[in-house]
Amino acid sequence: MPELPEVETVVRSLAPRLTGRRILRAHFSSRHVVRENFRRLAARLAGQTVHSVTRHGKFIVAALDSGNLIVHLGMTGRLLFDSPTGPHTRAIFELDEGTLVYDDPRQFGRIEWAPELPARVARLGPDAFLIAENDFLQLLRKRNARIKPLLLNQSFIRGMGNIYSDEALFQAAIHPRAIASRLSKARAQRLYRAMIDVLGAAIDQKGSSISNYVDSEGRRGAFQNMHQVYGREGEPCSRCGAKIRRIVLAGRGTHFCPRCQRM
DNA sequence: TCAAATGTTTGATC
DNA sequence: GGATCAAACATTTG
């Protein structure tokens, strides 16, 4: 489920119901999702009150009395209030009011506690939705890498994922293999605006519900209905009618219009 | 049976 | 260092 707009939507649904709540008990059942000792983590969380819930790139950070509960949803992670547990339930947080369940079929998600944001999280690039235009343009100029994999690189900017990278590049009419440092200023500005625009529109629509994505109240997003290229291989481009193509770049399916998006 | 899936990390190679 | 590519992680779905 997890690109910036989905994580932002989850955080917004989580914050009002989780802030001020006390974690009574926690239970864990996946060594892939929880890398530390289950009981030690549960003991660490028991009795702690949640002071805030925020987003850091694609990470969810719940500030506690002491330290932070940090959750990454991976590909298929979901946090759900008062949901029945199932075969893919990997964690349960019993609260003083209600229960928060973590479900994750593929178990690519992670749950951890840390006194501060771990270096590997704190060190990520600037947030894709908050970065200033000039900062973005300067970062692009320094990189001789292809633009699509670069947008996916969380050390470059944090929050972009496969769907929104393809959609932003389409909106900016830039080929996914274009070299970042060689983009003209006008094209780089177009990409910045497209990125902010696509992310903002997706947040407004509460994310893209492909596969199993829902927010913490179980509500689906609607932005999947507005995708112009992602998941539309072979369909006509909404702008020019050419067939949308799918290639593989950096191991990820990459969708684009070969006529609109030029090097 | 095979390919692909909203992500990240690690290692090999140039 | 960068950059590219492949593989790994684990499971479901078409």
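The model shown is predicted, which means the values in this text are computed figures rather than measured ones. Chain letters run A, B, ... following the sequence lines, proteins first, then strands; residues in each count from 1. Atoms considered below: every heavy atom in the structure, side chains included; atoms not considered: hydrogens, waters and symmetry mates.
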Choosing from C:dC5, C:dC9, B:dT9, which nucleotide comes nearest the side chain of A:H32?
C:dC9
Using atom P of each nucleotide, how far apart are C:dA6 and B:dA3 to the nearest Å?
14 Å
Contact check, residues 99-115 of chain A vs DNA chain B, heavy-atom distance under 4.0 Å, returns A:R106, A:F108
Establish, with yes or no, whether the OP1 or OP2 oxygen of B:dA5 is under 4.0 angstrom from a side-chain nitrogen or oxygen of A:R246.
yes
So does A:R31 have more than 12 non-hydrogen atoms from other groups sitting under 6.0 Å from CZ?
no
Do any side-chain nitrogens or oxygens of A:K58 fall under 4.0 Å of OP1 or OP2 in B:dT8?
yes
Side-chain contact, heavy-atom cut-off 4.5 Å: A:F170 with A:S238?
yes
Quick one: does A:E112's side chain get under 4.5 Å of A:P118's, heavy atoms only?
yes
Students often get this wrong, so: under 4.0 angstrom with heavy atoms, is A:G251 touching a base, only sugar-phosphate, or nothing?
nothing
When the distance from CD of A:E6 to P of B:dG7 is rounded to whole Å, what number comes out?
9 Å
By the Watson-Crick or G-U definition, both distances under 3.5 Å, C:dT4 is matched with B:dA12
Phosphate oxygens OP1/OP2 of C:dG2: is one of them under 4.0 Å from a side-chain N or O of A:R143?
no
